[in-house]
Amino acid sequence: MNKQRPNTLLKVFFKIPLFVHKLGFGGWERIIGAQWMLITTIGRKSGRHRQVMVDVLLHNGQTDAYYILSAYGSRADWVRNIQVNPRFEAQVGRRKFSARASTLSGEKAGEMLVQFYRLKPAYTRAVMNAAGMKFKDEDDLRMLGAKLLLLAVTPQTEAAGRPST
């Protein structure tokens with residue numbers, strides 16, 4: 001996990017995908033081989049809606065779980081908001097749903113990050129470097145991943161027993 005919070009320039013850089021999405025260009029990330037999730041939380045202090053865009057590492061079609069990473073661990077504002085208000089809104093592509101997140105264990109998180117790297121090596125390196133995390137090989141990445149906060153985001157069922165969309 002990156003020990004430092006992002007500086008102002010890096011914060012602006014990380015906000016670009018959110019701004020582009022708000023302009024109506026959601027889904028453009030597929031051009032660069034990425035998939036992003038828009039997360040809308042309730043601010044733990046303000047009570048206001050807060051939004052962040054995060055990378056989807058993998059999606060498990062059988063369990064409908066989306067695996068995401070918090071580069072700044074449990075110190076990230078959006079993670080802290082989810083800890084206080086566990087139910088949040090998520091959007092992947094055009095799919096919108098109410099969701100909850102659960103933490104992956106260290107070993108599983110490391111393996112998940114390696115799977116993501118195998119699918120998208122250049123993108124993984126670029127994102128990890130931007131967050132100040134460097135690695136040499138898969139073993140290095142596996143150890144790094146075991147220290148990071150990876151979450152499984154799953155749609156929550158409505159009263160009728162079906163996931164919301």
Contact summary for [X] and [Y], nearest pair of heavy atoms:
| X | Y | answer |
| --- | --- | --- |
| Ala101 | Phe88 | N-CE2, 3.8 Å |
| Gln83 | Ser74 | NE2-CB, 4.0 Å |
| Ala109 | Leu150 | O-CD2, 3.7 Å |
| Arg87 | Arg100 | N-NH1, 4.2 Å |
| Ala90 | Ala99 | CB-CB, 4.2 Å |
| Ser70 | Trp78 | CB-CZ2, 3.6 Å |

Using the ring-ring contact (aromatic ring centres under 6.0 Å, His included) rule, collect all pairs that involve residues 41-61, keeping only residues at least two apart or in two chains. His59-Tyr66

For the pair Phe116 and Tyr123, evaluate side-chain contact (heavy atoms from CB on, under 4.5 Å) and give the outcome as yes or no after the intermediate values. CA-CA 9 Å; Phe116 181 59; Tyr123 184 77; 3.7 Å; yes

When you check the gap from the basic side-chain N to the acidic O, do Asp64 and Arg95 get nearer than 4.0 Å? yes

Should Val52 and Val84 be regarded as members of a common hydrophobic cluster, given that ILVMFWY residues are connected when their side-chain heavy atoms come within less than 4.5 Å of each other, either directly or indirectly? no

Cluster check Met143, Leu104: I/L/V/M/F/W/Y, side chain < 4.5 angstrom: no

Donor-acceptor contact present, side-chain [X] to main-chain [Y], <3.5 Å:
| X | Y | result |
| --- | --- | --- |
| Asn81 | Thr41 | no |
| Asn60 | Gln62 | yes |
| Ser46 | Arg48 | yes |

Interatomic distance, Tyr67 atom OH to Met112 atom CE [nearest 0.5 angstrom]: 4.5 Å

Distance (rounded to the nearest 0.5 Å) between Thr124 OG1 and Gln115 CD: 11.5 Å

Under the criterion side-chain contact (heavy atoms from CB on, under 4.5 Å), I'd like the reasoning laid out for Leu113 against Tyr117: C-alpha separation, chi angles, the key distance, then a yes or no. CA-CA 6 Å; Leu113 201 53; Tyr117 174 69; over 6 Å; no

If you measure only the distance, is there a donor-acceptor pair under 3.5 Å linking the side chains of Asp77 and Tyr72? no

Side-chain donor-acceptor pair present, Glu89, Ser98, cut-off under 3.5 Å: yes

Any side-chain heavy-atom pair of [X] and [Y] under 4.5 Å:
| X | Y | value |
| --- | --- | --- |
| Val54 | Leu69 | no |
| Arg50 | Ile42 | no |
| Asp55 | Ile68 | no |

Listed pairs under 3.5 Å, donor-acceptor, residues 129-140 side chains, sequence neighbours left out:
unit_1: Asn129; atom_1: ND2; unit_2: Arg125; atom_2: O; d: 3.2
unit_1: Asp137; atom_1: OD1; unit_2: Asp139; atom_2: N; d: 3.3
unit_1: Asp137; atom_1: OD1; unit_2: Asp140; atom_2: N; d: 2.8
unit_1: Glu138; atom_1: OE1; unit_2: Arg118; atom_2: NE; d: 3.2
unit_1: Glu138; atom_1: OE1; unit_2: Arg118; atom_2: NH2; d: 2.7
unit_1: Glu138; atom_1: OE2; unit_2: Arg118; atom_2: NE; d: 3.1
unit_1: Asp139; atom_1: OD1; unit_2: Arg142; atom_2: NH1; d: 2.9
unit_1: Asp140; atom_1: OD2; unit_2: Lys136; atom_2: N; d: 2.9

Please check if atom CD in Glu107 has more than 12 non-hydrogen atoms from other residues, nucleotides or ligands closer than 6.0 Å. no

Pair Lys120, Leu57 - check side-chain contact (heavy atoms from CB on, under 4.5 Å), show working. CA-CA 9 Å; Lys120 302 170 185 176; Leu57 303 181; over 6 Å; no

